[in-house]
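Numbers here simply count residues along the sequence, with the first being 1. The shown structure was predicted, so the numbers you read here are calculated from the model rather than taken from an experiment.
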Amino acid sequence: MPSVVPAAGDRRRHPAPAHLRFFHGPMDCGKSTLALQVDHNQSRQGRHGLLVTQGDRSAAPQISSRVGLCREAVEIDSATDLRLLVRDRWAEGHRVDYLIVDEAQFLAPEQVDQLAELVDESHVDVYAFGLTTDFRAQLFPGTQRLLEVADDVQRIQVEVLCWCGLPGLLNARVVDGVMVRSGETVVVADTAPPELPGEGGDSPAVRYQVLCRRHHVRGELGPTAAGPGQLALP
């Protein structure tokens with residue numbers, strides 16, 4: 001770490017407790033919308049933030065929400081050292097008072113530990129937003145580590161509905177109209193079904209759908225397909 005950190009000057013001279021906060025839920029619960037709202041509220045008070053993401057639904061280096069909001073962000077991957085990312089900003093003379101991390105489920109466990117170190121050693125607030133479970137109803141590694149070490153964990157309260165009307169809790173992967181329970185954790189897909197059956201040639205049609213626990217266990221997708229434009233996983 002540089003001996004002088006211009007980016008967080010006042011905060012380092014008069015450190016206030018920083019926190020690692022994790023907001024999680026199923027698809028469509030408004031995680032990215034909340035991330036952008038937190039950034040807005042922090043920045044309007046004169047604080048300077050750094051937004052990072054990986055695999056945003058727009059396929060661009062930004063945090064985008066289905067309600068139409070978006071902000072430019074830094075695209076990271078599993079090899080990114082988040083401590084160095086912030087320190088490089090400091091070295092360039094930029095303040096970083098807080099970090100917004102969208103799609104936090106894709107973080108490697110060691111990256112979550114890097115976030116915790118930024119909080120504890122550099123007094124940088126971290127707000128992380130991510131899915132709770134994958135299509136197998138198992139915690140993502142990044143989600144699990146955040147649940148283990150975050151100072152504050154909140155399930156987002158915006159209710160997502162299963163096709164039956166019960167609260168949707170789990171994310172199902174649907175391949176050619178059939179729910180699957182095995183495969184790679186991350187697969188290129190969207191929650192919207194293709195406009196035409198069989199569109200895409202020989203490649204299977206893959207999408208995601210939110211289900212209640214009962215219908216996730218039964219593998220029942222309901223009488224209608226998921227609505228368009230819900231989520232794209234890289």
Side-chain angles (χ1 to χ4, degrees), residues 17-76 82 85-86 96-107 111-112 114-116 118-119 124-134 139-162 167-171 186 190-192 208-212 226-234:
H19 298 88
L20 171 55
R21 294 185 168 93
F22 179 44
F23 302 86
H24 67 99
M27 298 181 302
D28 267 357
C29 71
K31 297 179 298 299
S32 297
T33 303
L34 180 58
L36 295 173
Q37 182 67 58
V38 169
D39 175 56
H40 171 75
N41 290 351
Q42 294 285 319
S43 63
R44 70 178 300 189
Q45 298 302 325
R47 305 191 75 204
H48 295 255
L50 177 61
L51 282 63
V52 302
T53 189
Q54 53 182 319
D56 184 79
R57 65 181 58 83
S58 66
Q62 63 181 10
I63 297 175
S64 64
S65 167
R66 296 181 190 89
V67 300
L69 304 174
C70 67
R71 284 288 308 278
E72 183 179 347
V74 176
E75 184 78 18
I76 63 172
L82 297 170
L85 185 65
V86 172
V96 180
D97 299 312
Y98 63 93
L99 203 61
I100 301 286
V101 184
D102 199 22
E103 307 295 354
Q105 72 273 6
F106 296 138
L107 293 173
Q111 289 177 308
V112 177
Q114 293 166 9
L115 294 176
L118 284 170
V119 170
V124 175
D125 283 309
V126 175
Y127 302 89
F129 305 82
L131 295 174
T132 309
T133 57
D134 63 16
L139 294 173
F140 285 91
T143 298
Q144 178 177 332
R145 191 59 180 153
L146 281 161
L147 292 172
E148 291 168 345
V149 304
D151 300 301
D152 182 27
V153 176
Q154 298 183 34
R155 190 175 186 91
I156 297 176
Q157 296 303 307
V158 176
E159 189 172 64
V160 184
L161 297 180
C162 176
L169 301 174
L170 302 170
N171 309 309
V186 180
D190 188 54
T191 51
Y208 290 87
Q209 182 174 341
V210 181
L211 298 174
C212 67
Q230 292 183 343
L231 182 71
L233 295 181

**Request:** Apply side-chain contact (heavy atoms from CB on, under 4.5 Å) to I156 and K31, showing your working.
**Result:** CA-CA 7 Å; I156 297 176; K31 297 179 298 299; 3.3 Å; yes
What distance do [X] atom [atom1] and [Y] atom [atom2] have between them, rounded to the nearest 0.5 Å?
X: L131; Y: L170; atom1: CG; atom2: CG; result: 11.5 Å
X: L36; Y: N41; atom1: CG; atom2: CG; result: 11.0 Å
X: Y127; Y: L99; atom1: OH; atom2: CG; result: 11.0 Å
X: R71; Y: H40; atom1: CZ; atom2: NE2; result: 10.5 Å

**Item:** Test item: T132 side-chain N/O and G25 main-chain N/O as donor-acceptor pair under 3.5 Å
**Value:**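 Indeed, once roles are kept as given, a pair shorter than 3.5 Å links the two residues.
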**Request:** Mark yes or no for whether Q144, through its side chain, and L139, through its backbone, hold a donor-acceptor pair below 3.5 Å.
**Result:**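 No, Q144 side chain to L139 backbone: no donor-acceptor pair under 3.5 Å.
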Below 4.5 Å, heavy atoms only, C-beta onward: do [X] and [Y] meet side chain to side chain?
X: T53; Y: V101; value: no
X: L51; Y: E72; value: no
X: T143; Y: F22; value: yes
X: R155; Y: P26; value: yes
X: H19; Y: D152; value: no
X: Q54; Y: L107; value: yes

If I compare all heavy atoms of [X] with all of [Y], which pair ends up nearest, and what's the gap?
X: V160; Y: M27; value: CG2-O, 3.4 Å
X: L82; Y: I76; value: CD2-CD1, 3.9 Å
X: L146; Y: A104; value: CD1-CB, 3.8 Å
X: S32; Y: D102; value: OG-OD2, 2.7 Å
X: V96; Y: V124; value: O-CG2, 3.8 Å
X: V119; Y: D151; value: CG1-OD2, 4.2 Å

**Request:** Test side chain to side chain donor-acceptor pair (under 3.5 Å) on E159 and Q157 and set out the steps.
**Result:** CA-CA 6 Å; E159 189 172 64; Q157 296 303 307; over 6 Å; no
**Message:** side-chain contact (heavy atoms from CB on, under 4.5 Å) for D39 and Y98? Distances and angles first, verdict last.
**Reply:** CA-CA 9 Å; D39 175 56; Y98 63 93; 2.6 Å; yes
**Asked** Mind checking whether F23 and F129 have parallel, tilted or perpendicular rings, split at 30° and 60°?
**Response**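 The arrangement is parallel - the two ring planes meet at less than 30°.
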**Message:** Checking N171 against V210 for the side-chain contact (heavy atoms from CB on, under 4.5 Å) test, could you report, in this order, the C-alpha distance in whole Å, the side-chain angles of both residues, the deciding distance, and whether it holds?
**Reply:** CA-CA 5 Å; N171 309 309; V210 181; 4.0 Å; yes
**Among Q37, R47, H48, the one residue meeting side chain to side chain contact (heavy atoms under 4.5 Å, CB included) with Q42** =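 Among Q37, R47, H48, the one meeting side chain to side chain contact (heavy atoms under 4.5 Å, CB included) with Q42 is R47.
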